[in-house]
Amino acid sequence: MTGTIYVLNGPNLNLLGKRQPEIYGSETLADVEAAAVSQAKTHGLEVRFLQSNAEYQLIDWIHEAREQAVAIVINPAAYTHTSVAILDALNTFEGPVIEVHISNVHKREEFRQHSFVSLRADGVIAGCGTQGYLLAIDRVARLIATT
Ligand code: CA2
């Protein structure tokens, strides 16, 4: 298998491992990136791992992924619950999209129960900690191999 998975991270995830470890764990985003790169490598795939606090930047990366990526793994963070613009961008992408949440959003506040991104996602992983990113990469590899 060959190809690049875009792994996109939304606002505040740059603080992973530095604040609220009781919710999001103690691994940093750099730790997650290293694990994602190594997991993708086991499938012969590459990862472009990106984080932004800006909605437009995430949308621009999704547009870039249309030309460059075989799949998107996305933790849109708070934009999950607010962004029709990110949903619209993902709807222009033709490959698999897997939505990841580190925490179990379904055990949390009511406003986290709705996801615009889930209207496009082929799979959703929540509450598995940062392992969710690795599970998403395994799922992408399976989907690519069977299509
Ligand atoms: O559980 C997730 O991965 C979330 O996407 C994280 C978002 C939250 O708004 C979603 O409802 C669920 C928040 C990301 C904030 O990340 C931080 C990480 C460490 C410390 C502070 C914030």
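Each ligand, and each atom within it, is numbered from 1 in the order the structure gives. Because the structure is predicted, anything quoted here is derived from the model rather than measured.
- The side-chain hydrogen bond (donor to acceptor under 3.5 Å, both in side chains) test with Y6 is passed by exactly one of R66, E64, Q68: E64.
- The nearest pair of heavy atoms linking I59 to A89 is CG2-CB, 4.0 Å.
- Here the closest non-hydrogen pair linking N53 and Q51 is OD1-NE2, 2.9 Å.
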Output block, N or O contacts of ligand 1, threshold 3.5 Å exclusive:
{"from": "ligand 1", "atom 1": "1 (O)", "to": "I102", "atom 2": "N", "distance (Å)": "3.2"}
{"from": "ligand 1", "atom 1": "1 (O)", "to": "S103", "atom 2": "N", "distance (Å)": "2.8"}
{"from": "ligand 1", "atom 1": "1 (O)", "to": "S103", "atom 2": "OG", "distance (Å)": "2.6"}
{"from": "ligand 1", "atom 1": "3 (O)", "to": "N75", "atom 2": "ND2", "distance (Å)": "2.9"}
{"from": "ligand 1", "atom 1": "3 (O)", "to": "I102", "atom 2": "N", "distance (Å)": "2.7"}
{"from": "ligand 1", "atom 1": "5 (O)", "to": "N75", "atom 2": "OD1", "distance (Å)": "2.8"}
{"from": "ligand 1", "atom 1": "5 (O)", "to": "H101", "atom 2": "ND1", "distance (Å)": "2.9"}
{"from": "ligand 1", "atom 1": "9 (O)", "to": "A78", "atom 2": "N", "distance (Å)": "3.4"}
{"from": "ligand 1", "atom 1": "9 (O)", "to": "R112", "atom 2": "NH1", "distance (Å)": "3.0"}
{"from": "ligand 1", "atom 1": "11 (O)", "to": "H81", "atom 2": "NE2", "distance (Å)": "2.7"}
{"from": "ligand 1", "atom 1": "11 (O)", "to": "R112", "atom 2": "NH1", "distance (Å)": "2.9"}

So T80 and H101, side chain to side chain contact (heavy atoms under 4.5 Å, CB included) or not? Walk me through it. CA-CA 9 Å; T80 307; H101 299 288; 3.1 Å; yes
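- For the pair P76/L8, no side-chain contact is recorded, criterion being any heavy-atom separation below 4.5 Å from C-beta on.
- Using a 30° and 60° split on the angle between ring planes, F49 and Y133 fall in the tilted class, from 30° to 60°.
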